[in-house]
Amino acid sequence: MVGEHQTHHHNMLVSLALLLAAAFGLWVFFQIQRPKNFPPGPPPIPLFGNLLEIQLDNPIADLERLAKRYGNVYGLFLGSRPAVVIHGVSALKRALVNKSADFSDRAEDLFVRHAAHTKAQAPGVVLSPYNSGWREHRRFTLMTLRNFGLGKQSMEDRILGETRRVMEFLEQSDGEPINPETLFHKAASNIIFQVLFAKRFDNEDDSMKFFTNFFRETSKIINGPWSLLYDSFPAVRYLPLPFKRGFEMFKMSHERYLEMFVETKKTRVPGKPRHFVDAYLDELEKRGDEAFFSEDQLCAIILDLHFAGTDTTANTLLSGLLYLMKYPHIQEYCQQEIDKVMQGKNEVSFEDRVQMPYVQAVIHEIQRTANTVPLSVFHCTTRDTELMGYSIPKGTLIIPNLSSVLNEKGQWKSSHEFNPENFLNENGEFVQPEAFMPFSTGPRVCLGEGLARMELFIILVSLLRKFRFIWPEDAEEPDLTPVFGVTQTPKPYSLKVQVRSRC
């Protein structure tokens with residue numbers, strides 16, 4: 001009996017030793033190797049990398065904390081995937097401008113790419129690899145946007161038309177609190193949609209409701225915790241987790257674009273383009289079998305332009321009204337300048353901005369403080385490269401921390417408070433510091449920057465000329481803390497308007 005007991009005890013010890021050895025072996029196997037001379041950063045743990053170091057639902061504060069500890073270029077591991085965070089204007093310009101050929105690629109194996117563009121040969125423009133196909137499409141897209149009004153009177157007319165509808169809605173509120181949550185999404189969506197398809201939707205149209213909800217919902221999934229989980233652990237991609245909702249919504253959006261695309265082809269006259277889609281189809285026929293021009297690619301670009309042309313502008317406008325209610329004296333200074341410049345004019349023109357330095361400063365300060373696209377769209381290295389003395393291998397994920405630039409000490413008179421003086425010199429003239437890069441910088445700078453600037457100025461000036469925006473008396477103090485996502489949004493709020501002639 002004693003012998004049996006000893007044997008059993010011995011077997012248990014052997015089993016335990018084997019279990020510990022296996023666990024140690026697995027730990028060693030999954031140990032994440034830091035590439036030679038890789039930027040410094042917190043030590044990664046097996047499987048998880050540095051994901052436990054950052055708050056996944058809003059990593060901005062943690063990225064700031066890590067930059068203070070490790071410097072403006074530091075390494076992180078999302079699971080076993082290496083990533084480099086670039087912090088501050090100097091490091092960002094060195095990477096995205098001075099070494100743009102090395103830092104301008106896109107990672108293909110990410111949630112946003114898989115969900116938004118299911119066909120590898122049709123990645124659109126925003127998520128396209130950095131190659132000749134991307135260059136051709138970017139050049140064509142910018143040229144076609146200009147042909148259909150960007151920077152011209154026709155684009156101003158589209159913006160003014162949608163602004164009038166916003167004003168009619170506000171006027172009908174008759175001093176009662178209203179929720180502006182989707183107001184600007186509808187306006188911005190219709191502006192870009194007129195360029196894409198030469199049509200607009202009524203606010204209550206089913207497609208308008210779908211796209212408004214689609215942009216708002218998916219912008220919170222991209223760069224959010226479930227997207228990071230998808231990007232970091234390929235094994236979880238087949239589980240029924242919340243990122244599946246993103247796939248469903250992108251699929252539904254493709255189906256809607258396809259329906260409109262088929263419809264517009266029925267009335268198309270080759271060589272006489274009415275809108276962006278017609279112009280692309282003309283180009284496609286001219287080029288023949290060039291692989292990177294295709295109908296699939298056209299559908300992907302429509303999504304890129306519609307999404308980017310709606311969500312960022314709408315959320316910046318929502319933030320703008322919030323700040324103007326929080327700081328009524330700034331709202332009043334804007335209105336005084338607008339009244340002076342607009343005296344005798346029926347409607348605002350984009351050219352009027354030259355005579356409105358204070359209003360320009362306020363709009364830029366809204367963009368800086370709203371920090372609408374805090375981490376840009378992630379980049380990727382095209383080859384082994386070097387930055388600030390560190391080695392970064394080909395295929396490394398690059399996270400441009402635009403938030404760090406828009407709040408960088410030493411770049412702004414007031415980096416952490418809302419202050420239009422950040423964009424005014426001692427003579428009260430408008431100036432734009434080099435750290436102002438809400439649209440990113442380098443070759444991947446936002447395609448819609450020109451349209452967004454025009455929309456923000458015309459819409460805000462038109463609204464401020466007619467209305468005074470008031471924080472409801474019975475509401476709690478305005479909360480300026482944004483809700484994180486690939487595009488940040490202000491927390492839901494209500495507002496009241498007074499027609500200024502009655503003030």
Side-chain angles (χ1 to χ4, degrees), residues 60-61 64 67 72 87-90 92-93 312-313 315-342 348 350-374 401-441 446 449 452-465 467-471 477-482 488 490 493 495 500:
I60 301 294
E64 189 86 26
N72 285 343
H87 191 94
V89 66
S90 174
L92 262 170
K93 290 194 94 167
T312 51
T313 300
N315 288 322
T316 305
L317 287 164
L318 274 175
S319 299
L321 292 189
L322 187 61
Y323 301 140
L324 290 169
M325 289 187 291
K326 170 81 172 172
Y327 305 106
H329 64 286
I330 291 176
Q331 182 178 167
E332 199 174 321
Y333 290 153
C334 285
Q335 287 163 333
Q336 287 170 9
E337 187 175 70
I338 290 166
D339 291 347
K340 184 180 170 188
V341 174
M342 295 297 297
V348 65
F350 192 46
E351 286 181 10
D352 293 327
R353 73 191 186 283
V354 180
Q355 295 173 269
M356 298 188 194
Y358 188 79
V359 169
Q360 276 213 82
V362 169
I363 291 171
H364 283 68
E365 182 66 354
I366 287 168
Q367 289 179 270
R368 186 190 76 83
T369 314
N371 188 17
T372 303
V373 191
N401 189 351
L402 300 184
S403 181
S404 70
V405 178
L406 296 174
N407 296 291
E408 189 171 0
K409 280 185 181 173
Q411 297 291 337
W412 307 97
K413 296 172 187 172
S414 305
S415 58
H416 288 286
E417 61 184 55
F418 187 84
N419 185 359
E421 293 292 327
N422 282 316
F423 293 91
L424 294 169
N425 65 15
E426 59 277 4
N427 300 320
E429 297 162 332
F430 173 74
V431 289
Q432 185 175 300
E434 68 163 353
F436 182 73
M437 48 176 80
F439 300 102
S440 191
T441 188
C446 174
E449 179 177 356
R453 286 179 183 276
M454 191 182 267
E455 287 176 315
L456 291 173
F457 181 79
I458 290 174
I459 294 172
L460 278 172
V461 169
S462 300
L463 295 182
L464 286 171
R465 188 185 188 193
F467 301 108
R468 183 170 159 234
F469 292 90
I470 306 161
W471 190 252
E477 274 293 296
D479 184 353
L480 306 184
T481 313
Q488 295 198 121
Y493 66 86
L495 58 80
R500 287 185 64 219

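Numbering of residues begins at 1 and proceeds along the displayed sequence. Values below: all heavy atoms of this structure, side chains included; hydrogens, waters and symmetry mates excluded.
- Rounding to the nearest 0.5 Å places OG1 of Thr316 at 10.0 Å from CD of Glu455.
- Closest of all the heavy-atom pairs between Ile60 and Pro374 is CD1-CB, 3.7 Å.
- In this structure, Glu337 and Pro357 have side chains that are in contact, with non-hydrogen atoms separated by less than 4.5 Å.
- Using modelled atom types, one side-chain atom of Arg500 and one backbone atom of Arg465 make a donor-acceptor pair closer than 3.5 Å.
- Here the side chain of Glu64 pairs no donor or acceptor atom with the backbone of Ser404 at under 3.5 angstrom.
- Looking only at side-chain heavy atoms (C-beta outward), Met356 and Met342 come within less than 4.5 Å of each other.
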In a table with atom names and distances, give each donor-acceptor pair under 3.5 Å that connects a side chain of residues 423-433 to protein atoms at least two apart or in another chain.
residue : atom : partner : partner atom : Å
Asn425  : OD1  : Asn427  : N            : 2.9
Asn425  : OD1  : Gly428  : N            : 3.2
Asn425  : OD1  : Glu429  : N            : 2.9
Asn425  : ND2  : Glu429  : OE1          : 2.8
Gln432  : OE1  : His364  : NE2          : 3.4

Before you tell me yes or no, could you show the steps for Leu321 and Leu460 under side-chain contact (heavy atoms from CB on, under 4.5 Å), namely the whole-Å CA-CA distance, both residues' side-chain angles and the distance that decides it to 0.1 Å? CA-CA 9 Å; Leu321 292 189; Leu460 278 172; 4.2 Å; yes
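- Once rounded to the nearest 0.5 Å, the distance linking CD of Glu408 with CG of Asn401 reads 10.0 Å.
- No side-chain donor from either of Thr372 and Thr312 sits under 3.5 Å from a side-chain acceptor of the other.
- Using a 4.5 Å cut-off on side-chain heavy atoms (C-beta onward), Asn407 and Trp412 make no contact.
- Nearest approach of Val341 to Gln355, heavy atoms of both residues: CG2-O, 3.4 Å.
- In terms of heavy atoms, Leu322 sits closest to Pro490 at CD2-CB, 4.0 Å.
- Legend: residues meeting side-chain hydrogen bond (donor to acceptor under 3.5 Å, both in side chains) with Ser403, ordered by chain and number and at least two apart, are Asn371.
- Note that CG of Leu92 is 9.0 Å distant from CG of Asn72, once rounded to the nearest 0.5 Å.
- Under a cut-off of 6.0 angstrom, the local environment of OH in Tyr333 is sparse, with at most 12 non-hydrogen atoms contributed by other residues, nucleotides or ligands.
- Between Leu318 and Tyr493 the shortest heavy-atom distance is O-OH, 2.6 Å.
- Using a 4.5 Å heavy-atom threshold, the side chains of Ser319 and Thr369 count as separate.
- In terms of heavy-atom proximity, Val362 sits nearest to Pro420 at CG2-CG, 3.7 Å.
- Here the side chains of Tyr323 and Ile330 are not in contact, with every heavy-atom distance at 4.5 Å or above.
- Not counting sequence neighbours, Lys413 has no partner by the salt bridge (charged side-chain N to carboxylate O under 4.0 Å, His left out) test.
- The heavy-atom pair separating Val348 from Ser462 by the smallest distance is CG1-OG, 3.3 Å.
- One distance of note links CG of Leu324 with CG of Leu464; it measures 5.5 Å at 0.5 Å rounding.
- Scored by the salt bridge (charged side-chain N to carboxylate O under 4.0 Å, His left out) test, Arg453 finds Glu449 as partners (sequence neighbours excluded).
- Between Glu477 and Lys326, at least one side-chain nitrogen of the basic residue sits less than 4.0 Å from a carboxylate oxygen of the acidic one, meeting the salt-bridge criterion.
- Residues that satisfy the side-chain hydrogen bond (donor to acceptor under 3.5 Å, both in side chains) test with Glu365, not counting sequence neighbours, are Arg368, Asn422.
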Run the side-chain contact (heavy atoms from CB on, under 4.5 Å) check on Val373 and Phe439 step by step: do they pass? CA-CA 8 Å; Val373 191; Phe439 300 102; over 6 Å; no
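- In this structure, Phe436 CZ and Thr441 OG1 are separated by 12.0 Å, a value rounded to the nearest 0.5 Å.
- A donor-acceptor pair is defined here as one N or O able to donate and one able to accept, closer than 3.5 Å; no such pair exists between the side chain of Gln488 and the backbone of Pro482.
- For the atom pair Cys334 SG and Leu463 CG, the distance stands at 12.0 Å (nearest 0.5 Å).
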List the steps and the verdict of side-chain contact (heavy atoms from CB on, under 4.5 Å) for Met437 and Lys93. CA-CA 10 Å; Met437 48 176 80; Lys93 290 194 94 167; 4.0 Å; yes
Dump the intermediate steps for side-chain contact (heavy atoms from CB on, under 4.5 Å) on Ile366 and Leu456, then the final yes or no. CA-CA 10 Å; Ile366 287 168; Leu456 291 173; over 6 Å; no
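- Partners of Asp479 under the side-chain hydrogen bond (donor to acceptor under 3.5 Å, both in side chains) rule, at least two apart in sequence or in another chain, are Thr481, Lys491.
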